[in-house]
Protein chains: 2
Amino acid sequence: MTDPGKEPAPVLVWSKDRRTPRRQAPSVEQIVHTAIRIADAEGLSALSMRRVAADLGSGTASLYRYVASRDDLLDLMIDTVQGEAGPPPLSGDWRADLSEVARHVRATMLRHPWLGSELAGRPALGANSLRRYDVALTTATALTPDITLAANVVDTVLAYVFGTVARELADEQARRRSGLTEDQWRDSVAPYIRDVIASGAYPQFARLVLDAEDTGPDQRFDFGLACVLDGVAARVGGTGSAGLAHS
Amino acid sequence: MTDPGKEPAPVLVWSKDRRTPRRQAPSVEQIVHTAIRIADAEGLSALSMRRVAADLGSGTASLYRYVASRDDLLDLMIDTVQGEAGPPPLSGDWRADLSEVARHVRATMLRHPWLGSELAGRPALGANSLRRYDVALTTATALTPDITLAANVVDTVLAYVFGTVARELADEQARRRSGLTEDQWRDSVAPYIRDVIASGAYPQFARLVLDAEDTGPDQRFDFGLACVLDGVAARVGGTGSAGLAHS
DNA sequence: CCTCTGTTGCGAACAGCGTACCGCAATGGC
DNA sequence: GCCATTGCGGTACGCTGTTCGCAACAGAGG
């Protein structure tokens, strides 16, 4: 450690190595895949440009040759992930097909827990997102030829799916952010919930916590989806376009 | 402007003023309100601890006497905003009341565009959020006494609301992030959409863009909400507990 | 084979972030 | 009028996204 970093001192020619063996170009796909891997494994907060570059073995600034900004990278990650499972086969039965689309979306979000928070503030205009949307629209046109109505149906179903899965993910996300283990987290939330119940200000919530039989997230999802599809069927089903009648 | 910021140069004793007149304590409420104002006006990206402190006229480090971290501040902001409108009056008609709750939630999210992205990754356990949830549960118990089922109903409705409004906000959020004006944004999106349609790969989406009559976000919201409530009524309405029958 | 030129990698620097430490000034009690 | 206590906030650390400009290479032309 003889006087580190004070004198640049032109090194002897023969002692300077060829820096790095000139890594091959990372390419956009590699960057995006690496970023997705990091976000999946360690959460969005661990996803920095420096980190991606390090995992790729390249310099940080090099990434900007392929991706304009971190924001663009996130958009690319989202769209890549939307396309990772092929489109589901369509049976022609609109209800089964829309269910399948919904389950697909949920599976994608659960596989990539960062999707929920990231998708919230962005319009999904990527090629894969659009393909998914187009498939969903196709299934809905089996219910009604009116494209406006079909879009309303698809939007309703997808909104339900997104909202539900976002809440499913919220707990795990918060725990991860806090850095606690699952047990520590439970032990830190439990006393608060106990106080909330003991306060008596939230009687129904208390009843829910104490009495409810937890049916598990899958059943909850299926229940809500069934409700939404029932409602769509009731409101759009028979008629061609009387769907906008109110309440 | 004589050589600004180059020489610290110990100032003469009599020229050093009493620094700052010792501002009064900011208090948690003031901090949270200031933060909300900044986020509402300039977006989440403009919300930094330094910025909040500056707007409050206090030192940055002082905030940490009242708020443990930026993350805690965000949680406090969320819960404050959830409580800013009193609970809606309950009529006893579950459908009208649940609609009212849904409209309330939407109004809150639209008033604070940052709520969408922030709420996505957090469980809402604050006092005001819990009160809202409790009110929603109460309205649902008018539909069914089964608390588990009532919670499923409420979760379904709220998931739809959250998902829909999140998408409503997404466009505006993206535009804001890009820093473009509304016109610039439109001009930058339009050619892409044109290309997408011209590609022919998304026929239904193309049909939607070209043929659909835009009914406006309010009507879209009401349509989806009516669907969800229809579905809930169909699945829970008459029976007491047969709600989990599938598909 | 050499040189010249366009492309690409990336070190270093910059502004700004959240947060921890701790000296110092103002305040309350005597 | 003095001192002990309190708590504000300047400063600093390590991190972030992003830019600039040079170094190193590839391929073409002589």
Side-chain angles (χ1 to χ4, degrees), chain A residues 4-11 13 15-32 34-35 38-39 42-77 114 118 177-179, chain B residues 4-5 8-11 13-14 16-28 30-32 34-35 38-39 42-77 118 177-179:
Chain A
K6 194 58 191 294
E7 281 258 338
V11 296
V13 257
S15 75
K16 67 164 72 166
D17 50 3
R18 53 273 180 265
R19 294 186 169 277
T20 42
R22 205 61 178 178
R23 322 274 175 185
Q24 82 284 7
S27 88
V28 179
E29 281 85 17
Q30 281 187 20
I31 293 174
V32 173
T34 305
I38 294 173
E42 302 171 52
L44 263 185
S45 60
L47 183 77
S48 72
M49 300 302 271
R50 282 166 167 80
R51 178 65 203 282
V52 173
D55 274 28
L56 254 110
S58 80
T60 307
S62 306
L63 301 185
Y64 287 89
R65 294 257 170 211
Y66 301 91
V67 166
S69 67
R70 183 180 193 267
D71 228 61
D72 273 25
L73 175 57
L74 283 168
D75 279 335
L76 290 174
M77 288 169 64
W114 46 271
E118 217 42 46
R177 222 189 346 264
S178 73
Chain B
V11 296
V13 255
W14 51 78
K16 67 164 68 165
D17 50 3
R18 54 270 179 267
R19 295 181 166 277
T20 42
R22 204 64 177 173
R23 321 276 176 183
Q24 82 283 8
S27 89
V28 179
Q30 281 188 18
I31 294 175
V32 173
T34 305
I38 295 172
E42 303 172 48
L44 263 185
S45 60
L47 182 77
S48 71
M49 300 303 271
R50 283 160 164 72
R51 177 65 201 282
V52 173
D55 275 27
L56 246 84
S58 80
T60 307
S62 306
L63 300 185
Y64 287 90
R65 300 256 155 208
Y66 302 91
V67 166
S69 68
R70 184 180 192 267
D71 227 62
D72 272 26
L73 175 58
L74 282 168
D75 280 335
L76 290 174
M77 289 168 64
E118 217 42 47
R177 219 184 353 258
S178 73

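Letters go in sequence order (proteins before strands), and every chain restarts at 1. The model shown is predicted, which means the values in this text are computed figures rather than measured ones.
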**Q.** Given C:dT19, D:dT18, C:dG9, the nucleotide with the shortest approach to the side chain of A:Met49
**A.** D:dT18
Q) Is the shortest heavy-atom distance from the side chain of A:Glu42 to the side chain of A:Arg51 under 4.5 Å? A) yes
Q. If only atom types and distance count, is the side chain of B:Arg50 paired as donor or acceptor with the main-chain N or O of B:Gly59 below 3.5 Å?
A. no
Q) Looking at CD1 of A:Ile38 and OG of A:Ser48, how far apart are the two atoms once the value is rounded to the nearest 0.5 Å? A) 7.5 Å
**Q.** Separation of D:dC8 C1' from B:Tyr66 OH (nearest whole Å)
**A.** 8 Å
Q) Between D:dC15 atom C1' and B:Arg70 atom CZ, what is the distance in whole Å? A) 14 Å
Q: Give a yes or no on whether the backbone of B:Gln30 and the side-chain of B:Thr34 come within a donor-acceptor separation of less than 3.5 Å.
A: yes
Q. Taking only N and O in the side chain of A:Ser58, is any of them less than 4.0 Å away from OP1 or OP2 of C:dG9?
A. no
Q) Over how many whole Å does the gap from A:Ile31 atom CD1 to C:dT8 atom P extend? A) 13 Å
**Q.** Nearest-angstrom distance from the residue atom CG of B:Leu74 to C1' of C:dC17
**A.** 14 Å
(Q) At 4.0 Å (heavy atoms only), tell me whether B:Leu73 reaches a base, stays on the sugar-phosphate, or touches nothing. (A) nothing
Q | Any A:Ser62 side-chain nitrogen or oxygen under 4.0 Å from OP1 or OP2 of C:dG9 | A | no
Q) Taking CG from B:Leu63 and P from C:dG18, how many angstroms apart are they, rounded to a whole number? A) 10 Å
Q | Spacing of B:Leu44 atom CG relative to C:dC17 atom C1', expressed in whole Å | A | 14 Å
Q | Stepwise side chain to side chain contact (heavy atoms under 4.5 Å, CB included) test for A:Leu44 and A:Leu74 | A | CA-CA 10 Å; A:Leu44 263 185; A:Leu74 283 168; 4.0 Å; yes
Q. Partners of A:Arg177 by side chain to side chain donor-acceptor pair (under 3.5 Å), sequence neighbours excluded?
A. B:Asp71
Q) Of B:Arg50 and A:Ser48, whose closest DNA chain D nucleotide lies nearer the 5' terminus? A) B:Arg50
Q) Which comes earlier along DNA chain C counting from the 5' end, the contact point of B:Arg51 or that of A:Gly59, where each point is its nearest nucleotide? A) A:Gly59
When you compare the protein's N or O atoms with those of nucleotides 19-21 of chain D, which come within less than 3.5 Å of each other, and at what distance?
none

Q: Applying side chain to side chain donor-acceptor pair (under 3.5 Å), name anything that partners A:Asp72, two or more places apart in sequence or on another chain.
A: none
